[in-house]
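The next block holds one structure in the form of structure tokens; read it before the comments.
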Amino acid sequence: ENVGLDGSIVNNPAGRTINPGHSIENSWFLMNYAMQNNDEELLEKALNILDWSLEIGWDEKYGGIYYFRDVYGRPCEQLEHDMKLWWVHNEALIATLVALKLTGDKKYEVWYDKLHDYCFSHFTDKEYGEWYGYLHRDGTVSHEQKGSLWKGPYHLLRCFAICNLQI
């Protein structure tokens, strides 16, 4: 998210930081814009962003998408880098369904199913409803609050509304 004026990587911790959630969210924004404007080149770029972000963001050991990654796989400076946040997964659910609808490529269905399974087995509070916002890397709940200055209803409700429109 921090690059040089020419688009090059700034080789320091801030310059190498990737937030897969932001990249994934932007990918479906770009997909929608590309679809509305019949821009195949932009659609291809948006799909590349989505594919790369899912690949670099996915935790092969525990599942879920990391909050932050280093573009070169080096240690991140953010202490919460390996946490799993609700909004990142909301954006990934939307993006994979939008990509599936636009392309028909079954790899996005596979991603959606994997994300859906992870989300509904880890984020949901089966006793009281709603989603927890913050999980440790292993998928356990970090804390039980479901609302704060940062976690409001926006991402989850938008996710459910948009995903319903895609199906």
Side-chain angles (χ1 to χ4, degrees), residues 1 16-74 76 78 80-126 129-142 146 151 153-167:
E1 295 185 19
R16 294 190 312 264
T17 295
I18 301 161
N19 180 314
H22 285 159
S23 299
I24 290 167
E25 183 177 29
N26 284 311
S27 76
W28 72 263
F29 293 164
L30 292 171
M31 284 185 254
N32 283 330
Y33 184 86
M35 177 187 62
Q36 292 169 0
N37 293 282
N38 295 317
D39 189 334
E40 290 296 321
E41 184 179 339
L42 181 59
L43 177 59
E44 184 178 333
K45 287 179 183 178
L47 293 168
N48 285 337
I49 291 168
L50 174 59
D51 293 345
W52 183 79
S53 299
L54 290 169
E55 182 180 319
I56 198 166
W58 187 256
D59 182 345
E60 290 295 334
K61 183 173 182 179
Y62 294 107
I65 299 172
Y66 290 104
Y67 192 26
F68 293 107
R69 301 293 285 161
D70 181 278
V71 71
Y72 297 132
R74 295 177 184 161
C76 293
Q78 297 86 354
E80 69 277 21
H81 72 93
D82 63 350
M83 291 184 75
K84 316 293 172 56
L85 276 65
W86 87 103
W87 73 266
V88 172
H89 293 78
N90 292 163
E91 301 307 327
L93 288 168
I94 295 169
T96 53
L97 277 185
V98 170
L100 176 62
K101 184 177 180 180
L102 292 177
T103 68
D105 189 331
K106 295 294 183 186
K107 74 179 176 184
Y108 297 115
E109 183 175 6
V110 170
W111 268 111
Y112 175 82
D113 289 343
K114 181 165 44 171
L115 287 157
H116 184 278
D117 291 347
Y118 181 85
C119 290
F120 284 90
S121 64
H122 291 83
F123 284 106
T124 55
D125 180 343
K126 293 167 183 57
E130 236 288 3
W131 279 25
Y132 298 112
Y134 307 94
L135 307 178
H136 295 291
R137 179 178 179 208
D138 66 1
T140 57
V141 175
S142 171
K146 296 179 197 154
K151 185 183 182 298
Y154 174 73
H155 285 280
L156 186 61
L157 292 177
R158 179 177 75 165
C159 173
F160 289 164
I162 292 173
C163 286
N164 269 336
L165 294 173
Q166 301 303 316
I167 296 175

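In what follows, residues are counted from 1 in the order of the sequence shown.
Electrostatic pairing of Arg137 and Glu80 does not count as a salt bridge here, judged by no charged N lying under 4.0 Å from a carboxylate O. Of the charged side-chain nitrogens involved, at least one lies within less than 4.0 Å of a carboxylate oxygen, so that Lys107 and Asp51 count as a salt-bridged pair.
Residues Tyr33 and Leu42 share a closest heavy-atom pair of CD2-CD2, 3.4 Å. Here the closest non-hydrogen pair linking Tyr67 and Pro20 is O-CD, 3.4 Å. The two residues His136 and Ser142 make their nearest non-hydrogen contact at NE2-CA, 3.4 Å. Across all non-hydrogen atoms, the minimal contact from Thr103 to Ala99 is OG1-O, 2.7 Å. When all heavy atoms of Cys76 and Asp70 are compared, the pair lying nearest together is SG-N, 3.5 Å. Nearest approach of Ile24 to Ala92, heavy atoms of both residues: CG2-CA, 3.5 Å.
Residue pairs meeting the salt bridge (charged side-chain N to carboxylate O under 4.0 Å, His left out) criterion with at least one member in residues 154-167, sequence neighbours excluded: Glu25-Arg158, Glu91-Arg158.
The aromatic rings of Tyr118 and His89 sit parallel to each other, their planes meeting at less than 30°, with 60° as the upper class boundary.
Residue Phe160 qualifies as enclosed at atom CZ: its count of foreign heavy atoms under 6.0 Å is above 12. Residue-environment remark: NZ (Lys126) exceeds the threshold of 12 foreign heavy atoms within 6.0 Å. Dense packing is recorded around CD of Glu130, with more than 12 heavy atoms of other residues, nucleotides or ligands lying under 6.0 Å away.
Here the OG1 atom belonging to Thr17 is positioned 11.5 Å from the CZ atom belonging to Arg74, to the nearest 0.5 angstrom. Considering CD1 of Ile94 and CG of Leu50, their distance stands at 12.0 Å, rounded to 0.5 Å. Here CG of Asp39 is found 11.5 Å from CD of Gln36. Values are rounded to the nearest 0.5 Å. One distance of note links CG of Leu97 with CH2 of Trp111; it measures 14.0 Å at 0.5 Å rounding. Atom CG of Leu93 and atom SG of Cys119 lie 4.5 Å apart (nearest 0.5 Å). Interatomic distance, CG of Leu85 versus NE2 of His155, reported as 9.5 Å (0.5 Å rounding).
Annotation: side chain of Leu100 is not in contact with side chain of Tyr112 (no heavy-atom distance under 4.5 Å). Inter-residue side-chain proximity for Leu54 and Thr96 is flagged as met; some heavy-atom pair is nearer than 4.5 Å. Side chains of Leu135 and Tyr62 form no contact here, defined as non-hydrogen atoms less than 4.5 Å apart. Annotation: side chain of Asn26 is not in contact with side chain of Ile49 (no heavy-atom distance under 4.5 Å). Using a 4.5 Å heavy-atom threshold, the side chains of Lys101 and Tyr108 count as separate. Looking at Met31 and Ser27, their side chains come closer than 4.5 Å, going by heavy atoms from C-beta outward. In this structure, His81 and Arg69 have side chains that are not in contact, with every pair of non-hydrogen atoms separated by 4.5 Å or more. With contacts defined as side-chain heavy-atom distances shorter than 4.5 Å, the pair Trp58/Leu115 qualifies.
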Q: List the steps and the verdict of salt bridge (Lys or Arg N to Asp or Glu O under 4.0 Å) for Glu40 and Lys45.
A: CA-CA 9 Å; Glu40 290 296 321; Lys45 287 179 183 178; over 6 Å; no
(Q) Show, in sequence, the C-alpha distance, side-chain angles and deciding distance for Trp52 and Leu47, and conclude whether the side chain to side chain contact (heavy atoms under 4.5 Å, CB included) test is met. (A) CA-CA 8 Å; Trp52 183 79; Leu47 293 168; over 6 Å; no
Q: Apply side chain to side chain contact (heavy atoms under 4.5 Å, CB included) to Leu156 and Trp87, showing your working.
A: CA-CA 7 Å; Leu156 186 61; Trp87 73 266; over 6 Å; no
(Q) Show, in sequence, the C-alpha distance, side-chain angles and deciding distance for Lys84 and Asp59, and conclude whether the salt bridge (Lys or Arg N to Asp or Glu O under 4.0 Å) test is met. (A) CA-CA 10 Å; Lys84 316 293 172 56; Asp59 182 345; 3.0 Å; yes
(Q) Applying side chain to side chain contact (heavy atoms under 4.5 Å, CB included) to Leu102 and Met35, what does each step give before you reach the verdict? (A) CA-CA 8 Å; Leu102 292 177; Met35 177 187 62; 3.3 Å; yes
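Of the residues listed (Tyr134, Phe123, Trp131, Tyr132), the one engaging Trp86 in a ring pair (Phe, Tyr, Trp, His ring centres under 6.0 Å) is Tyr134, and it is the only one.
Judged as a side chain to side chain contact (heavy atoms under 4.5 Å, CB included), and not counting sequence neighbours, Asp117 has no contacts.
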